[in-house]
Amino acid sequence: MTAKKRVGVLISGRGSNLQALIDAAKAQEYPAELALVISNVPGVQGLARAEAAGIQTRAIKHQDFPSRETFEAALDAALNEAGVELLCNAGFMRLLTGSFVSRWLNRHLNIHPSLLPAFKGLDTHGRVLRSGTQITGCTVHFVRAAMDDGPIVAQAAVPVLPGDTEDALADRVLAAEHRLYPHALRLVASGQVAVDGERASGMPAGMGDSALFSPPLPGNF
Ligand code: GAR
C-alpha cells in the first residue's frame with residue numbers, strides 16, 4: 001500500500017465528525033492518518049476525542065490574533081510543522097480568507113449538513129423545515145473562499161419526516177454525515193478524485209448499500 005496521507009482536522013466544537021474520521025482511520029487499509037487536530041475554541045469535546053485517540057492537538061484561538069491573516073498564518077505553521085497534506089473542516093465555524101483557501105486548494109474538504117448548493121450557512125435544518133423541503137442530506141466538498149461552496153465530492157440524501165423537529169432532523173442528517181465523511185476522505189486520500197475547475201470527478205461507481213448515497217457507498221461504510 002502507498003503511504004497514508006497525513007490529514008489535519010479543523011474543529012470548533014463537539015467533534016462527532018472528527019470521531020467518525022478517527023474511527024475510520026483505525027482500519028489498516030484506510031488511506032489517511034490523522035496527524036493533527038486544531039480547534040479555534042479551547043476546551044471543546046473534539047479536542048478531548050483527539051487526545052483520547054492519541055492524536056496531536058492544538059488550540060489556536062482566533063481572538064488571540066489581531067487579524068484573520070495572522071490567525072491563519074498560525075494555522076498554516078502548525079499544519080506544516082505536522083506535515084499535513086490534506087485538511088478537513090469538521091464543524092469548523094470560521095470563514096477562511098481567499099489566501100488561506102488558495103494555499104490548500106483542492107487539498108481541503110468541508111462537510112455541510114445540506115444537499116449543497118441548497119441551504120448554505122447557519123440554521124440549516126430550521127430553514128429546511130420551514131421551506132417544506134422533503135429531502136435534505138449532507139455534502140462533502142472541496143473548500144472555496146465562499147461559504148459552503150466548492151466542487152462536490154460526495155452527498156447523502158436524508159428524508160424529512162412528518163412531525164420532524166430541528167433536533168430530530170439534525171440527528172438523522174448527522175448519522176449520514178458520520179458515514180459520508182470517512183467515505184469522501186477515503187476517495188480523496190486514495191487519489192480517486194480529480195478536480196477540473198469547479199467540478200470534482202472520477203469517483204468510482206460501485207455496489208452501494210444505499211441508493212441514497214451518491215456515489216454509492218462501498219459495503220464497509
Ligand atoms: C456538523 O453537522 C457539520 O456538518 C456542521 O457542523 C456540525 C458539526 O458537528 N458544519 C457546518 O454547518 C459547516 N457549514 P460535529 O462537531 O459534531 O462534527
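Hydrogens, waters and symmetry mates are skipped; everything else that's a heavy atom, side chains included, is used. Whatever order the structure lists them in is the order used to number ligands and atoms, beginning at 1.
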Step-by-step side-chain contact (heavy atoms from CB on, under 4.5 Å) determination, Trp104 to Val143: CA-CA 8 Å; Trp104 288 92; Val143 172; over 6 Å; no
Residue pair Arg14, Arg49: steps toward the side-chain contact (heavy atoms from CB on, under 4.5 Å) verdict: CA-CA 9 Å; Arg14 177 179 59 180; Arg49 292 179 193 268; 3.9 Å; yes
Give the residue, atom name and distance (to 0.1 Å) of the protein heavy atom nearest [atom].
atom: atom 5 (C) of ligand 1; answer: Pro113 CD, 3.8 Å
atom: atom 15 (P) of ligand 1; answer: Ser16 N, 3.4 Å
atom: atom 7 (C) of ligand 1; answer: Arg14 NH2, 4.2 Å

Expected output: side-chain Lys4 to main-chain Gln28 donor-acceptor under 3.5 Å: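 Pair found, side chain donor or acceptor close to backbone of Gln28.
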Ligand 1 to Asn110 polar contact by distance, N or O atoms, under 3.5 Å: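 No: no nitrogen or oxygen of Asn110 is under 3.5 Å from one in ligand 1.
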For residues 115-126, dump all side-chain donor-acceptor pairs below 3.5 Å to protein atoms at least two apart in sequence or in another chain.
| from | atom 1 | to | atom 2 | distance (Å) |
| --- | --- | --- | --- | --- |
| Lys120 | NZ | Asp149 | OD1 | 3.3 |
| Asp123 | OD2 | Arg130 | NH2 | 2.6 |
| Thr124 | OG1 | Gly121 | O | 3.1 |

Glu177 and ligand 1 - part of the residue with a heavy-atom distance under 4.0 Å: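 It is the side chain that touches ligand 1; the backbone stays farther off.
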Under-4.0 Å heavy-atom contact with ligand 1, by part of Asp148 that carries it: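 Contact part for Asp148 vs ligand 1: side chain (C-beta onward).
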Proximity flag Lys120 to ligand 1, non-hydrogen atoms under 4.0 Å: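 False for this residue.
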Whether Gly15 lies under 4.0 Å from ligand 1, heavy atom: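 Flag set, Gly15 near ligand 1.
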Within 6.0 angstrom of Gln134 CD, more than 12 heavy atoms from elsewhere: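 Not buried by this count: 12 neighbours or fewer within 6.0 Å.
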Subset of ligand 1 atoms that lie under 4.0 Å from at least one heavy atom of Met93: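 Near Met93, the atoms of ligand 1 are 6 (O), 10 (N), 11 (C), 12 (O).
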Where ligand 1 meets Gly91 - atom numbers and elements under 4.0 angstrom, heavy-atom basis: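 Reading through ligand 1 atom by atom, the close ones are 6 (O), 8 (C).
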Check ion pair Arg199-Asp196 (N to O, under 4.0 angstrom):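 Salt bridge: no.
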Identify all side-chain donor-acceptor contacts of residues 86-98 below 3.5 Å with residues at least two apart in sequence or on another chain.
| from | atom 1 | to | atom 2 | distance (Å) |
| --- | --- | --- | --- | --- |
| Asn89 | OD1 | His108 | NE2 | 2.8 |
| Arg94 | NH1 | His62 | NE2 | 3.4 |
| Thr97 | OG1 | Glu72 | OE1 | 2.5 |
| Thr97 | OG1 | Phe100 | N | 3.3 |

From the candidates Val44, Asn89, Ile111, the one that places a heavy atom nearest atom 10 (N) of ligand 1: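 Checking each option, the heavy atom nearest atom 10 (N) of ligand 1 is found in Ile111.
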Name of the residue among Leu21, Ile22, Asn17 meeting side chain to side chain contact (heavy atoms under 4.5 Å, CB included) with Pro182: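 Output: one option passes, namely Leu21.
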